[in-house]
Amino acid sequence: MCIYFNDFTAPANPTSPNTAGTNEEFTEENQNDEITDTGSFSVGRDGKYIHCLTIIGQIEGHYILPPSNKTTKYEHVIPQLVAVEESSQINGLLIILNTVGGDIEAGLAIAELIAGMKKPTASLVLGGGHSIGVPLAVSANRSFIVPTATMTIHPVRMNGLVLGVPQTLSYFDKMQERIVRFVSQNSKIPPKRFRELMLSTGELIMDVGTVLDGDSAVKEGLIDCIGTLKDALSYLYSHL
């Protein structure tokens, strides 16, 4: 799984050193500059500001992926989340996902940070929220998915040298249970049903798992509701 990110930059400062106490609002020019210059940015309405973080491509963890891969490096996203949480200028967080999956521990690290934020958060799945993108999608206070998006649920996989010993199977089981526990705690899907979808046969060619479209993801309780960007923003502004 990967996330496309830029280093966090604060919005045009409503209380900058030169205008402290004046609560100067974003100008349209400032907002446009912010959106143009960075891939993740902040938008404002009525003096309230929302930071948008895009999770796109493949999440890069402890190992560097080839230059041809579109990736999101978790070590860059984590400081952004901390900055958003501690910023006095940002009131909420919108996470937009279109990801194929990636490093499990990196994805779970990001998901745990989002789930532990005190500021209102909303996620919107566009295109796909596959593999470790599932925990990321459900980590927000409110999750949305467009009807045409899909989410792939499958067991843990590992690349490279794997030792055929009981300890390896135990490690896989424990890692898989961490994902099941996090998803079930942050969504409405029961752990048993999530495992059934994860281990389903006959749906994926040469693989085990399930692909859910937007409507199915909501019916299963994985995602809160069908929605678009308008709905996600409306939710956030109503909870600021």
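Throughout, numbering of the chain's residues begins at 1 and tracks the sequence. Side chains included, hydrogens not; waters and symmetry mates left out as well; all remaining heavy atoms used.
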When rounded to the nearest 0.5 Å, the distance separating CG of N141 from CE of M117 is 9.0 Å
Contact check, side chains of I50 and L233, non-hydrogen atoms, under 4.5 Å
yes
Salt bridge (charged side-chain N to carboxylate O under 4.0 Å, His left out) between E196 and R193, worked out
CA-CA 5 Å; E196 290 175 353; R193 178 55 180 163; 3.1 Å; yes
Quick test of your reading: applying salt bridge (Lys or Arg N to Asp or Glu O under 4.0 Å), list the pairs with at least one residue in residues 118-137, sequence neighbours left out, ordered by first then second residue.
E85-K118
Any carboxylate oxygen within less than 4.0 angstrom of a Lys/Arg side-chain nitrogen, looking at R195 and E177?
yes
Find the distance between OG (S216) and CD1 (I223) and round it off to the nearest 0.5 Å.
12.0 Å
Closest heavy-atom pair, P120 versus L240, reported as atoms and distance to 0.1 Å, is CG-CD2, 4.0 Å
When you measure from the side chain of S238 to the backbone N and O of S234, does any donor-acceptor pair fall under 3.5 Å?
yes
Look only at the side chain of S87 and the backbone of V84, and say whether a donor-acceptor pair between them is shorter than 3.5 Å.
no
For a side chain to side chain contact (heavy atoms under 4.5 Å, CB included) check, start with the C-alpha distance between F182 and R178, then their side-chain angles and the critical distance, and finish with the verdict.
CA-CA 6 Å; F182 181 88; R178 288 161 57 194; over 6 Å; no
CE-CG distance between M175 and L108, expressed to the nearest 0.5 angstrom:
8.0 Å
Of all heavy-atom pairs between F144 and I226, which one has the smallest distance, and what is that distance?
CD2-O, 4.4 Å
Of all heavy-atom pairs linking A122 and Y235, the shortest is CB-CD2, 4.0 Å
Using modelled atom types only, decide if a donor and an acceptor are shared between the side chain of T210 and the backbone of L197 within a distance under 3.5 Å.
yes
The test is side chain to side chain contact (heavy atoms under 4.5 Å, CB included); show your working for I95 and T54 and say whether it passes.
CA-CA 6 Å; I95 307 106; T54 53; over 6 Å; no
So does L65 get a backbone contact from the side chain of N69, meaning a donor-acceptor N/O pair under 3.5 Å?
no
Between the main-chain N or O of E105 and the side-chain N or O of D103, is there a donor-acceptor pair closer than 3.5 Å?
yes
Checking the side chain of N186 only, and the main-chain atoms of S139 only, is there a donor and an acceptor separated by less than 3.5 Å?
no
How does the hydrophobic cluster around V211 look, that is, which other residues are in it when side-chain heavy atoms under 4.5 Å mark a link?
L204
Are C52 and V43 side-chain neighbours, meaning at least one heavy-atom pair lies under 4.5 Å?
no
Validation row: P155, Q176 side chains within 4.5 angstrom (heavy atoms):
yes
With heavy-atom distances below 4.5 Å as the criterion, would you say the side chains of L126 and L97 are in contact?
no
Are any side-chain N or O atoms of N91 and backbone N or O atoms of Y49, one a donor and one an acceptor, separated by less than 3.5 Å?
yes
I110 side chain reached by L81 side chain, heavy atoms, under 4.5 Å
yes
What distance do T121 atom OG1 and I114 atom CD1 have between them, rounded to the nearest 0.5 Å?
7.5 Å
Using the rule side-chain contact (heavy atoms from CB on, under 4.5 Å), only one of V134, I153, T152, V218 pairs with L212; which is it?
I153
Just how far is it from atom NE2 of H130 to atom CG of L136, taken to the nearest 0.5 Å?
13.0 Å
Take H76 and K73, measure what side chain to side chain contact (heavy atoms under 4.5 Å, CB included) needs, and give me the verdict at the end.
CA-CA 6 Å; H76 292 178; K73 293 176 171 58; 4.0 Å; yes
Measuring from atom CD1 of I56 to atom CG of L53, what distance do you get when rounded to the nearest 0.5 angstrom?
9.0 Å
S131 versus V100, closest heavy-atom pair with distance:
CB-O, 3.9 Å
Residue pairs passing the salt bridge (Lys or Arg N to Asp or Glu O under 4.0 Å) test where at least one lies in residues 230-240, sequence neighbours excluded:
none
Which heavy atom in V138 sits nearest to a heavy atom in S187, and how many Å separate them?
CG1-CB, 4.1 Å
Keeping the roles fixed (side chain from S123, backbone from A137), state whether a donor-acceptor pair exists under 3.5 Å.
yes
Run the side chain to side chain contact (heavy atoms under 4.5 Å, CB included) check on Y74 and E60 step by step: do they pass?
CA-CA 6 Å; Y74 83 108; E60 184 176 281; over 6 Å; no
Does S143 use its side chain to pair, donor to acceptor, with the backbone of D224 at less than 3.5 Å?
yes
Going by heavy atoms in the side chains, are E220 and K188 under 4.5 Å from each other?
no
Under 3.5 Å side-chain donor-acceptor pair for D213 and T150
no
